[in-house]
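Given the structure is predicted, the values throughout are model-derived calculations rather than measurements.
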Amino acid sequence: MSKIREKNHRLPTEAYRGFVRAAFTAKLDRNQPFFVTEDRFKEQELFLLRALRELQCESELYLFMPDHLHVIITGTSLESDCRSAMAKFKQYSGYAFSQQHQLAKWQKDFYDHIFRQEEDLRNHMVYILNNPIRAGLCESWDDYLYKGSTVFDVRTFGKGNRNL
């Protein structure tokens with residue numbers, strides 16, 4: 001039996017450290033719909049907030065779709081590590097899956113994108129917020145419940161908030 005090779009990230013780990021902003025998308029294995037109730041969202045949100053805090057990061061936006069997560073993570077100090085914050089979240093979340101929800105499991109890795117220009121942030125946030133609309137889950141992103149931010153009140157997005 002041949003060993004499956006893991007895909008290497010395109011950037012070295014140092015690229016995710018310090019005052020960096022990156023977008024991540026993590027998918028559930030076999031596209032299992034899991035994030036479909038408020039209690040599941042709240043549980044996962046707590047794991048995400050814990051990982052962000054531990055790695056000295058914040059999130060302009062996070063949004064849980066039924067089978068995946070979009071999150072924008074920003075380092076707030078020289079010691080911040082955005083990629084490790086995402087990995088730590090998946091570790092906490094994955095352990096809870098194994099203990100309480102055996103059918104839910106994350107895919108091995110995640111997709112990421114480091115922002116190079118400030119203008120890209122707003123466009124990416126709009127793309128994320130429109131994801132539930134494109135999936136037919138709601139008519140307006142205001143109606144979608146499974147989202148948040150550690151930086152601002154996401155319900156007021158686009159109304160004079162910083163970084164937009």
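Both Val154 and Leu137 belong to a single network of hydrophobic side chains, linked directly or stepwise wherever heavy atoms of I, L, V, M, F, W or Y lie under 4.5 Å apart. Hydrophobic clustering (ILVMFWY, side-chain heavy atoms < 4.5 Å, transitive): Phe89 and Leu55 are in distinct clusters. Under the 4.5 Å side-chain heavy-atom criterion for ILVMFWY residues, no single connected hydrophobic cluster contains both Tyr95 and Leu48.
Residues Phe35 and Phe41 fail the side-chain proximity criterion, which asks for heavy atoms closer than 4.5 Å. In this structure, Lys27 and Phe110 have side chains that are not in contact, with every pair of non-hydrogen atoms separated by 4.5 Å or more.
Aromatic pair His113/Phe115: centroids less than 6.0 angstrom apart.
Taking Glu54 as the reference, Arg50 meet the salt bridge (Lys or Arg N to Asp or Glu O under 4.0 Å) condition, with sequence neighbours excluded. Contacts of Ile133 classified as side chain to side chain contact (heavy atoms under 4.5 Å, CB included), with partners at least two apart in sequence or in another chain: Asn130, Cys138, Trp141. Qualifying ring-ring contact (aromatic ring centres under 6.0 Å, His included) partners for Tyr144, counting only residues two or more places apart in sequence or in other chains: Tyr146. Judged as a ring-ring contact (aromatic ring centres under 6.0 Å, His included), and not counting sequence neighbours, the contacts of Phe34 are Phe97, His101.
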Tabulate below the donor-acceptor pairs under 3.5 Å that side-chain atoms of residues 64-74 make, not counting sequence neighbours, or state none.
residue, atom, partner, partner atom, Å
His68, NE2, His70, NE2, 3.1
His70, ND1, Thr25, OG1, 3.2
His70, NE2, Asn131, ND2, 2.6
Thr74, OG1, Arg21, NE, 3.1
Thr74, OG1, Glu60, OE1, 2.7
Thr74, OG1, Glu60, OE2, 2.9

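For the pair Arg122 and Tyr127, the NZ or CZ position fails the cation-pi test of under 6.0 Å to the six-membered ring centre and within 45 degrees of the ring normal.
No more than 12 heavy-atom neighbours from other residues, nucleotides or ligands sit within 6.0 angstrom of CD on Glu38.
Residues Leu78 make up the rest of the hydrophobic cluster containing Phe19, defined by ILVMFWY side-chain heavy atoms closer than 4.5 Å, directly or through other members.
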